[in-house]
Amino acid sequence: MAAETHSAWPVLDRGRASPVGPPVIDSLLPPGVEHAEAFGDLAGARLHPAEESAVAGAGPERRAEFATARHLARRALSRLGVTPAPLPAGPHRAPRWPPGVVGSITHCAGYRGAVVARRTGFAALGVDAEPNEPLPVTVLRRIATERELALVADLLVRRPDVRWDRLLFSVKESLYKTCAPMAGQWPGCDRTDIGLDATKSAFTARLLSGPGPGSPPCGTFDGRWLVRRGLVLTAVTRPARPGPC
C-alpha cells in the first residue's frame with residue numbers, strides 16, 4: 001500500500017518492481033504538477049527531526065523507504081519553486097505540505113514517488129503505485145462493489161496482461177488521497193463507482209455519497225493509469241474550483 005494509508009485498508013504484499021528504469025509517473029500528470037521518483041531507496045535520504053515520530057519504532061527498511069519518499073517530495077517541491085521543508089505526518093497520515101501546496105506520496109517495493117502542485121491550480125492530488133500482481137480475492141471483495149467485481153472479471157479476460165483487480169485497488173487508493181484531505185473524511189470504498197477505460201488508460205471515479213451520513217455526492221474525479229516495469233500506477237488530479245468537492 002502507499003505511504004499514505006488508513007485503517008480501513010488491509011496490508012498487502014507489495015511485490016517487486018524492476019530496480020531501475022526510465023521515469024514512469026510523468027506521463028500521468030498534467031502541466032503544473034511536478035514529480036520525483038526512484039526505483040529503490042536513496043542512500044543520502046535523511047529525515048528531518050519533525051518527521052521522526054511518523055516512523056518511531058519502525059525497522060531499517062521502513063525508515064529507509066519513508067526517508068526516500070520524503071526526500072523525493074522535497075525534490076519535487078524544489079522543482080515547483082518552493083523551498084523544501086519538513087513534511088511531518090498530518091491527518092490520515094498524509095504529509096503536511098507547505099502553505100499553498102498540495103501533494104501525494106506513494107511507495108511499493110522497488111518504487112517511490114511524490115507529486116506536488118500549487119493550490120492555485122489544483123485542489124488535491126492522489127497517486128498510488130502497486131505491483132502488477134493479483135489482488136487477494138478477500139481484499140478485492142472488501143473494496144469492490146458488485147458492479148466493479150463484474151467489470152474486473154470481464155477486463156481480466158479481455159486483457160490479462162493488466163491485473164485489473166490490483167488496478168481497481170490502486171484507483172481507490174489514489175481517490176482516497178485526493179478526496180480525504182478535501183472533505184476531511186473518506187466516504188468509503190462501497191460508496192464509489194469506478195469506470196476503467198482499457199483503451200485510453202483512463203478512469204473515472206464517482207463518489208455516490210459524501211463523507212458524512214446523508215451528505216450529497218462529492219462529484220466525479222478523472223484519472224489516468226499505466227502498467228510499466230511490473231508496476232500499476234494511478235493518478236488523480238483535481239483542478240482548483242469553488243466548493244469542498
Side-chain angles (χ1 to χ4, degrees), residues 1-2 4-15 27-28 30 92 104 106 108 123-228 231-239 241 243-245:
M1 186 181 303
E4 302 155 85
T5 62
H6 59 96
S7 58
W9 289 96
V11 176
L12 299 181
D13 178 359
R14 306 308 294 165
S27 63
L28 300 181
H92 316 289
S104 182
T106 186
C108 65
L125 306 175
V127 294
D128 183 64
E130 301 286 334
N132 186 31
E133 298 174 1
L135 188 70
V137 174
T138 54
V139 176
L140 177 62
R141 292 192 173 277
R142 181 173 167 182
I143 63 101
T145 66
E146 289 300 319
R147 192 199 68 80
E148 291 166 349
L149 288 172
L151 175 63
V152 164
D154 177 63
L155 288 170
L156 283 171
V157 172
R158 290 164 50 195
R159 281 197 59 185
D161 58 306
V162 177
R163 286 308 313 187
W164 297 97
D165 44 357
R166 186 74 68 155
L167 178 57
L168 179 69
F169 181 93
S170 183
V171 167
K172 296 202 175 191
E173 270 284 299
S174 287
L175 180 63
Y176 163 73
K177 295 178 188 180
T178 306
C179 185
M182 294 167 55
Q185 187 178 348
W186 172 234
C189 291
D190 59 341
R191 288 189 270 174
T192 64
D193 182 51
I194 307 299
L196 301 173
D197 190 321
T199 60
K200 297 180 180 179
S201 297
F203 61 85
T204 58
R206 186 165 61 97
L207 300 187
L208 303 179
S209 62
S215 56
C218 250
T220 299
F221 295 72
D222 297 317
R224 296 188 60 77
W225 63 268
L226 65 79
V227 173
R228 190 175 298 168
L231 295 166
V232 168
L233 293 103
T234 59
V236 175
T237 54
R238 184 71 161 177
R241 62 186 64 176
C245 295

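In this chain, numbering begins with 1 at the start of the sequence shown.
- Taking each heavy atom of Thr178 and Ser174 in turn, the nearest pair found is OG1-O, 2.8 Å.
- Taking CG from Leu175 and CG from Asp128, the interatomic distance works out to 11.5 Å, rounded to the nearest 0.5 Å.
- With rounding to the nearest 0.5 Å, the separation of CG in Leu135 from CZ in Arg141 is 12.0 Å.
- Looking only at side-chain heavy atoms (C-beta outward), Val162 and Leu155 stay at 4.5 Å or farther from each other.
- Here the straight-line distance linking atom OG1 of Thr106 with atom CG of Leu233 works out to 7.5 Å at 0.5 Å rounding.
- Between the CD1 atom in Ile194 and the NZ atom in Lys172 there is a gap of 5.5 Å [rounded to 0.5 Å].
- Taken to the nearest 0.5 Å, the CD1 atom of Ile143 stands 9.5 Å off from the CD atom of Glu173.
- Counting all heavy atoms, side chain and backbone alike, Glu133 lies closest to Arg166 at O-NE, 3.1 Å.
- For Leu151 against Leu196, the heavy-atom pair with the smallest separation is CD2-N, 3.9 Å.
- The shortest heavy-atom contact between Asp222 and Val236 is O-CG1, 3.8 Å.
- Trp164 contributes atom CH2, which lies 7.5 Å from atom CZ of Arg158 (distance to the nearest 0.5 angstrom).
- Counting non-hydrogen atoms of other residues, nucleotides and ligands closer than 6.0 Å to CZ of Arg147 gives a total above 12.
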